Amino acid sequence: MALHLTIIPVTPYEQNCTLLWDDESNDAVLTDVGGNAPEIWQYIQDNHLNLKEIWLTHGHLDHVGGVVKMCELIDVPVMGPHEDDLFLLEDLANKTREYAKYGFEFSPNFLPTRWLQEGEQLKLGNYVFDVLHIPGHTPGHVVFYCASEKLLIAGDTLFKESVGRTDFPRSNTQDLLNAIRTKLYVLPDDVVVIPGHRDTTTIGHEKQHNPHVRA
Ligand SMILES: [Zn+2]
Ligand SMILES: [Zn+2]
């Protein structure tokens with residue numbers, strides 16, 4: 001019995017949409033469905049997985065732009081992000097229309113089934129994920145941490161030797177660095193971090209080598 005995952009880069013920004021599944025039940029969740037919903041749905045069907053939920057880290061279009069289309073293909077609950085990202089979801093139709101010239105798919109606005117908060121837990125089969133609120137890149141950014149599997153779905157908070165951009169409306173650099181120090185750098189060094197873009201890393205590697213935030 002094991003937790004499996006596959007990373008599916010989506011949208012022109014190659015956002016790391018991640019499909020996680022429990023190989024005992026074949027129950028699955030998708031994180032950050034930014035786009036490419038039909039392809040992802042095909043992969044889920046080809047592998048005989050039971051998609052149970054969609055989990056969202058934050059409201060940027062490359063992370064949420066495929067949610068409405070995915071829910072048309074299979075109607076599952078959408079969990080997160082934190083309610084402080086409501087302003088982004090309310091602007092999604094505008095944003096995806098504006099970014100069509102960069103190759104983004106249009107998405108109507110939507111609301112999640114449920115907003116998430118610090119300290120909540122989400123379940124996938126036998127696995128429990130803690131919800132941590134890491135504001136700064138966006139005010140309502142959350143991450144998903146599975147302690148038993150030492151896995152962190154980090155969205156655009158912590159990257160390999162980098163951190164999320166904080167030059168957006170309602171971003172806050174100090175909030176981001178504080179939250180990384182106090183909530184992520186306290187996790188075990190061998191926790192694998194799947195960021196929203198590019199390569200995976202570990203907490204230990206970032207504590208030593210991240211030029212923006214050292215332990
Ligand atoms: Zn983002
Ligand atoms: Zn992103």
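Being a predicted model, the structure only gives us computed values, none of them experimental. All residue numbers in this chain count up from 1 along the given sequence. Just so you know, ligand 1 is whichever comes first in the structure, and atom 1 is the first atom listed for that ligand.
Under the 4.5 Å side-chain criterion, counting only non-hydrogen atoms from C-beta, I203 is not in contact with P188. Under the 4.5 Å side-chain criterion, counting only non-hydrogen atoms from C-beta, W55 is not in contact with V131.
At least one N, O or S atom of H137 sits under 2.8 Å from the Zn ion (ligand 1).
Checked against the 6.0 Å centroid criterion, the rings of H60 and Y13 do not qualify as a close aromatic pair.
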Exercise. Can you list the steps and then say if D85 with H58 is a side-chain hydrogen bond (donor to acceptor under 3.5 Å, both in side chains)?
Worked result: CA-CA 7 Å; D85 272 10; H58 68 295; 5.6 Å; no
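A distance of 8.5 Å separates OG1 of T31 from CG of N16, quoted to the nearest 0.5 Å.
Protein atoms of type N, O or S found under 2.8 Å from the Zn ion (ligand 2) total 4.
Cluster membership for L5 and Y145, using ILVMFWY side-chain heavy atoms within less than 4.5 angstrom, is not shared.
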